[in-house]
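Written below as structure tokens is the structure these notes are about.
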Amino acid sequence: MSAVDVRCPVCGKVNKSVDLEETDGWMECESCGEVTQQMKYVKTRRVPLYEISEVKVLVSLSQK
């Protein structure tokens, strides 16, 4: 567990000992109750980008 102190982007209050890694960056402010996501802690995956010239057509697109 890696708890951090995070400032609420809505009201500015510092929320102490919040584990954002466990919640994928989501937190509920102790003061105003707003739910926000800190993008620094969001888990992302890389999605490959293919050019159309690299893709082999396996199914014919024409309808017979």
Point to revise | Polar side-chain atom of E34 near backbone of C29 as donor-acceptor pair, under 3.5 Å | key: no

**Study point:** Y41: which of V4, D24, V18, T23 passes side-chain contact (heavy atoms from CB on, under 4.5 Å)
**Key:** V4

Point to revise | Rounded distance (nearest 0.5 Å) linking atom CE of M39 with atom OG1 of T44 | key: 8.5 Å

Review point. Crowded around K40 NZ? As in, over 12 foreign heavy atoms under 6.0 Å?
Key: no

Point to revise | S31 side chain reached by C8 side chain, heavy atoms, under 4.5 Å | key: no

Review point. For the atom pair CD (E28) and CG (N15), what is the distance rounded to the nearest 0.5 Å?
Key: 9.5 Å

Exercise for review: Search all heavy atoms of P9 against all heavy atoms of M27 and return the closest pair with its distance.
Suggested key: CD-CE, 4.4 Å

Exercise for review: Might you point out which heavy atoms bring K43 and E21 nearest each other, and give the distance in Å?
Suggested key: NZ-O, 2.8 Å

